[in-house]
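Structure record follows, encoded as structure tokens.
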Amino acid sequence: MVGAKRFDRVAGRRALLVLLAALPAAVVTVPPPAYAIIGGESATIAQYPWMVGLASRSVYGGVRSGQFCGGVLVSPTKVVTAAHCLYDEATMQPADRPDLKVIVGRTDLSTADGEEVPVSSVWIDPDYSMHTNTWDVAVLTLAEPQSERAVLPMVGQGETAPYRAGTMATVLGWGDIRGDGDYPMDLHAVQLPLIGDATCARDYPTGGENLFQSRMMVCAGEQTTGGRDACQGDSGGPLVVAGRLVGLVSWGTGCAQPGYPGVYTRLAAMADAVRAQL
């Protein structure tokens, strides 16, 4: 199944029934599942202090702090994430989430560590298309500056060196670490090799369910064997190479499947437009 890598609010509910049964009836909420970071390992915000989560408790419930996508703090007041995280799949229009917040300083989503910071404004790339997954980038402005927190530098406009095939990248997110209903609350990271554009274009050809466009997309993962990937719930999270943000979790066919690597927003194609919002 080709799709964006954010929460699917239907799949995975049964895996949470034991957790929900233990809650008082007044606060029982069925949150979306948290498919994320297949084949990775536990990580902490101390290691990656610029990693944030997007949250809406009114839509996604409070069991996992309302987290539904990832993002990256690139300045004290700005978070870069995927445009599709701010859209409603049913209406194909920007989503109405009046309680949208950014979770900062929190490794474990079941805790109250860090802060849940309100969002004062949202910029979505004007060329973004939910139909084609093109120009999948957005910038959130925080209502409260995070001056004490580290930020992650971004790749420059038009750079190509960080995207060479075989380059190792780090991807981060929260959720299911095996794809079988095991939904940890803590942050996870995985190391993935970047995949050449020609190879990825063969995996996602013209006329297929979706189209890989190398101008604004890049692939990463174990192309032959599978087993390591981002997945639903990781959307908007970072693809990091040599200490810089070079991409964002965007879409793919399934998760960690051989021959279907994860597809990421190629941030170098739109870095100037993003920087203009900072």
Side-chain angles (χ1 to χ4, degrees), residues 2-6 50-51 54 69-75 78-87 94 122-141 151-173 192-206 208-221 223 229-230 234-253 260-278:
V2 172
K5 296 192 170 183
R6 63 179 170 190
W50 32 258
M51 180 67 192
L54 275 57
C69 270
V72 183
L73 195 66
V74 297
S75 86
K78 303 290 182 175
V79 167
V80 174
T81 188
H84 76 261
C85 288
L86 288 311
Y87 266 63
V122 174
W123 174 85
I124 296 173
D125 192 298
D127 293 322
Y128 169 64
S129 169
M130 198 170 187
H131 296 282
T132 62
N133 299 310
T134 49
W135 306 106
D136 192 9
V137 65
V139 178
L140 309 181
T141 299
V151 300
L152 185 65
M154 294 192 301
V155 67
Q157 182 74 25
E159 284 194 53
T160 58
Y163 302 100
R164 290 193 185 108
T167 299
M168 293 304 295
T170 302
V171 180
L172 296 153
L192 299 172
L194 298 188
I195 294 172
D197 293 341
T199 300
C200 196
R202 289 195 298 270
D203 292 332
Y204 295 107
T206 303
E209 284 187 287
N210 223 310
L211 172 65
F212 171 75
Q213 299 189 43
S214 61
R215 179 186 175 194
M216 64 205 74
M217 301 174 187
V218 63
C219 287
Q223 200 272 344
D229 197 4
D234 284 329
S235 284
L239 180 74
V240 181
V241 171
R244 292 193 299 167
L245 178 64
V246 305
L248 303 166
V249 179
S250 185
W251 62 277
T253 295
Y260 293 104
V263 185
Y264 298 77
T265 302
R266 186 184 292 254
L267 195 56
M270 52 209 78
D272 281 353
V274 171
R275 283 193 172 90
Q277 311 306 315
L278 305 186

Subject >> Criterion side chain to side chain contact (heavy atoms under 4.5 Å, CB included) on M216 and D125, from CA distance to verdict >> reply: CA-CA 12 Å; M216 64 205 74; D125 192 298; over 6 Å; no
Mind listing the closest non-hydrogen atom pair of [X] and [Y] along with its distance?
X    : Y    : value
F212 : V263 : CD1-CG1, 4.1 Å
I195 : G221 : CD1-O, 3.4 Å
A268 : G156 : CB-O, 3.5 Å
S250 : S235 : O-OG, 4.1 Å
H84  : V249 : CE1-O, 3.9 Å
D136 : A83  : OD1-N, 2.8 Å

**OP:** Just do the side chain to side chain contact (heavy atoms under 4.5 Å, CB included) check on M270 and T265 with the steps written out, would you?
**Re:** CA-CA 9 Å; M270 52 209 78; T265 302; 3.6 Å; yes
Original post:
Is the backbone of A138 close enough, under 3.5 Å, to the side chain of Y128 for a donor and an acceptor to pair up by distance?
Top reply: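 Not at all, since once roles are kept as given, no pair shorter than 3.5 Å links the two residues.
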**OP:** Would you confirm whether K78, through its side chain, and Q277, through its main-chain N or O, come within 3.5 Å as a donor-acceptor pair?
**Re:**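 Checking the backbone N and O of Q277 against the side chain of K78, a donor-acceptor pair under 3.5 Å is found.
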Would you check if [X] and [Y] make a side-chain contact, meaning some heavy-atom pair closer than 4.5 Å?
X    : Y    : answer
P261 : D203 : yes
M51  : V240 : no
L211 : T132 : no
T134 : M217 : yes

Gap between atom [atom2] of [Y] and atom [atom1] of [X] - 0.5 Å precision:
X    : Y    : atom1 : atom2 : result
M154 : L278 : CE    : CG    : 5.0 Å
R164 : D197 : CZ    : CG    : 13.0 Å
C219 : R266 : SG    : CZ    : 9.0 Å
W123 : L140 : CH2   : CG    : 11.0 Å

**OP:** Before giving the answer on side chain to side chain contact (heavy atoms under 4.5 Å, CB included), spell out for R215 and W135 the whole-Å C-alpha distance, their side-chain angles and the decisive distance to 0.1 Å.
**Re:** CA-CA 10 Å; R215 179 186 175 194; W135 306 106; 3.8 Å; yes
Donor-acceptor pairs are to be reported for all side-chain atoms of residues 241-248 against protein atoms at under 3.5 Å, with residues two or more places apart or in another chain.
unit_1	atom_1	unit_2	atom_2	d
R244	NH1	E159	OE2	2.8
R244	NH2	E159	OE1	2.8

Original post:
Can you check side chain to side chain contact (heavy atoms under 4.5 Å, CB included) on D234 and V171, steps first, answer last?
Top reply: CA-CA 9 Å; D234 284 329; V171 180; 5.6 Å; no
Original post:
Under the side-chain contact (heavy atoms from CB on, under 4.5 Å) test, which residues partner P94, sequence neighbours left out?
Top reply: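 Listed in chain order: Y87.
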Original post:
Mind checking what makes side-chain contact (heavy atoms from CB on, under 4.5 Å) contact with A220, not counting sequence neighbours?
Top reply: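 Only L192, L194, L239, Y264 meet the side-chain contact (heavy atoms from CB on, under 4.5 Å) criterion with A220.
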